[in-house]
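Down below is the structure, laid out as structure tokens.
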Amino acid sequence: MFADLRGRTVLVVGGGTVALRKAAALLEAGARVRVGAPELAPALAAWVAEGRIEHVPGPFVAQWLDGAWLAIAATDDAGVNRAVAEAGEARRVWVNVVDDVEASSFHVPARVVRGPVQIAISSGGGVPMLSRHLRETLETQLDESLGALAQLLSRERERIRKHYPELGARRRFFDRVLSGPIPSLLRQGRGEQAQRAFGAALVESDPAAAQTGSVALVGAGPGDPGLLTLRGLRVLNEADVILHDRLVSPQVLQLARRDAELIDVGKPLAGTLSPANHHSTQERIHDLMLEHARAGKRVVRLKGGDPFVFGRGGEELEVLRDHGIAFEVVPGITAALACGAYAGIPLTHREHAQSLRLVTAHLKDANDGLDWRALAQEKQTLAVYMGVSGLDVLRDKLIEHGRAASTPFALIENGSRPEQRVVTGTLAELAERAQSHRVQSPALLIVGEVAALAERLHWFGEAPLTEMPAPVPAESYAVAA
Ligand code: SAH
């Protein structure tokens with residue numbers, strides 16, 4: 001119920017914890033709260049002593065409703081609650097009986113609150129659990145900055161009306177403001193800039209010029225849609241155009257706005273080469289980002305894992321910066337973190353690993369520029385990206401530079417996805433294991449003492465494959481390049 005209760009009397013019948021909760025909410029709404037009960041919980045009694053609420057003692061009588069606009073029956077006695085409802089009915093006072101749909105003349109909705117913006121959800125009183133579920137869904141979708149936005153716009157209401165007396169023009173102005181940079185500035189806590197941008201938008205003579213697009217570089221995480229961040233979900237919901245990699249799982253793409261344009265710009269992954277796949281170049285991605293942003297679209301550049309971990313995110317931002325396109329970055333859960341978690345491998349461990357390195361390399365190049373001595377150090381965890389091929393070279397170099405051949409490894413294929421597989425063993429047998437289990441991209445390699453913990457701590461999907469499978473003829477297995 002959206003009612004202005006400021007200075008209006010509301011009766012709460014009951015003196016326990018439920019009554020206390022209701023009284024607190026009513027005080028927050030500015031109501032004059034009258035609590036009627038033979039006895040009060042200590043917190044309620046304290047409020048009476050402070051003069052914040054009024055107390056009418058004794059058993060309920062209809063006169064308690066005198067002067068009240070609204071009443072809440074919150075006793076644990078169904079008979080008393082009904083009496084309050086009946087007395088309210090006779091006097092035309094709206095009554096909510098806690099947990100009694102039938103007896104209530106109004107229901108209390110589930111609420112989503114962002115400053116002055118409130119969303120009330122009702123299931124007609126019948127299925128409060130459903131309302132609660134919807135509330136959770138909305139909570140995830142609505143950004144905290146919505147409150148600040150509502151405050152700014154209501155503060156400026158008069159000015160907006162003066163500038164745009166005509167309803168259609170005013171509506172277009174609001175559309176422009178809501179899809180422009182102001183919400184994003186407020187989200188970043190940059191209130192002053194938001195205010196200035198608002199001032200500029202108000203006097204903007206050319207509406208087209210104000211309609212600038214933007215690009216959000218978003219990490220989609222490793223595959224499990226539950227690992228997308230709330231911010232990531234929100235920008236996906238707002239996106240007009242989504243440029244996504246092949247690594248982004250279909251489940252994450254399903255979270256995008258229904259009418260968003262989805263463009264697969266996936267460069268073929270090692271191991272998934274197929275002639276049917278369209279080979280996009282990095283230039284094509286740059287062109288598409290610029291083209292759509294310039295057309296005023298909200299573009300999401302969606303990448304697997306985190307956009308700044310082996311994702312060329314930096315290069316894409318350089319391009320946007322050079323062309324004056326507004327951008328933001330939403331981090332994602334990178335493969336190393338996700339695979340560690342979903343395979344039961346803590347990446348650092350007091351006893352086994354004091355540091356973690358994220359590496360990728362074209363391991364077949366002799367001149368790879370990597371510091372192998374550093375990589376081969378003990379008590380450190382290596383997370384190797386894009387490492388399905390060249391595992392024999394990797395093993396040789398690590399051992400050559402001092403890593404024990406008995407160091408445990410885990411190869412995690414399709415980490416966090418339903419198809420996840422984990423192959424474990426020791427460094428000496430790394431390449432053979434990967435080959436005999438036909439590990440495919442995307443797969444992440446973890447080398448280090450901690451990898452052995454997967455056998456005890458795994459919890460997701462199948463247990464790690466610790467044994468060699470039955471041998472397969474070598475020629476039937478083509479190593480992914
Ligand atoms: N930006 C991404 C990495 C891109 S490089 C991130 O932060 O995760 C691509 C490599 O990431 C793959 O070859 C593989 O090694 C790893 N990878 C990405 N997703 C993976 C997944 N679900 N399971 C295993 N490895 C994954």
Side-chain angles (χ1 to χ4, degrees), residues 216-229 232 243-253 264-273 277 280 282 285 300-317 329-345 347 356-364 381-391 393-394 409-424 430-431 434 437-448 451 454 458 460-462 464-465 479-481:
L217 190 57
V218 179
D224 179 348
L227 297 183
L228 187 71
T229 63
L243 308 174
H244 66 91
D245 284 350
R246 191 142 311 163
L247 263 183
V248 176
S249 72
Q251 289 85 350
V252 170
L253 289 177
D264 181 353
V265 294
K267 283 160 287 184
L269 285 170
T272 60
L273 266 172
N277 291 339
S280 301
Q282 192 66 29
I285 296 172
V300 164
R301 171 73 181 102
L302 191 60
K303 290 167 172 290
D306 179 87
F308 279 179
V309 177
F310 307 126
R312 303 187 76 165
E315 290 163 52
E316 293 175 13
L317 290 196
V329 183
V330 182
I333 299 202
T334 190
L337 302 187
C339 291
Y342 278 60
I345 301 172
L347 298 175
L356 162 69
R357 280 171 188 261
L358 309 187
V359 287
T360 181
H362 298 286
L363 296 161
K364 282 177 189 151
T381 306
L382 287 187
V384 186
Y385 287 69
M386 297 183 264
V388 181
S389 61
L391 292 177
V393 180
L394 178 77
F409 80 84
L411 253 173
I412 301 110
E413 180 190 73
N414 283 312
S416 88
R417 302 171 185 221
E419 319 85 88
Q420 172 176 305
R421 289 199 306 160
V422 179
V423 175
T424 58
L430 169 62
H437 284 289
R438 300 164 174 246
V439 175
Q440 300 279 325
S441 185
L444 183 100
L445 170 65
I446 295 178
V447 179
H458 77 84
F460 180 82
E462 298 297 318
L465 302 161
V479 180

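When a ligand or atom number is given, it counts from 1 through the structure's own listing order.
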Backbone or side-chain N or O of Asp306 under 3.5 Å from ligand 1 N or O
yes
Criterion side chain to side chain contact (heavy atoms under 4.5 Å, CB included) against Leu302, the qualifying member of Asp245, Val252, Val265
Val252
Closest non-hydrogen atom pair between Phe310 and Leu358, with its separation:
CZ-O, 3.7 Å
Enumerated ligand 1 atoms positioned under 4.0 Å from heavy atoms of Leu444
24 (C), 25 (N)
Regarding atom 7 (O) of ligand 1: of the candidates Thr334, Asp245, Ile412, Val384, which has the closest heavy atom?
Thr334
For ligand 1, which atoms sit closer than 4.0 Å to a heavy atom of Pro222?
22 (N)
Backbone or side-chain N or O of Val309 under 3.5 Å from ligand 1 N or O:
yes
Can you tell me how far the NE2 atom of His244 sits from the NZ atom of Lys303, to the nearest 0.5 Å?
13.0 Å
Looking only at non-hydrogen atoms, the one of Gly223, Ala443, Ser416 nearest atom 15 (O) of ligand 1 is Ala443
Within-4.5 Å side-chain heavy-atom neighbours: Glu413 and Glu419:
no
Report the member of Gly415, Ala335, Gly305 with the shortest heavy-atom distance to atom 17 (N) of ligand 1.
Ala335
State whether the shortest distance between N or O atoms of Met386 and N or O atoms of ligand 1 falls below 3.5 angstrom.
yes
Give the numbers and elements of all ligand 1 atoms closer than 4.0 Å to a heavy atom of Phe310.
4 (C), 5 (S)
Nearest 0.5 Å, please: how far is CG in Leu430 from CZ in Phe409?
5.0 Å
Tell me which one of Thr424, Ile345, Leu445 satisfies side chain to side chain contact (heavy atoms under 4.5 Å, CB included) with Ile412.
Ile345
With the side chain counted from C-beta on, respond yes when Val329 and Phe308 share a heavy-atom pair under 4.5 Å apart, and no when they do not.
yes
Under 4.0 Å, heavy-atom basis, I'd like to know which part of Arg417 is in contact with ligand 1: side chain, backbone, both or neither.
side chain
For ligand 1, which atoms sit closer than 4.0 Å to a heavy atom of Cys339?
23 (N), 24 (C)
Approximate separation, where rounding is to 0.5 Å, of Ile446 CD1 and Leu347 CG
5.5 Å
Can you tell which part of Asn414 has a heavy atom less than 4.0 Å from ligand 1: side chain, backbone, both or neither?
backbone
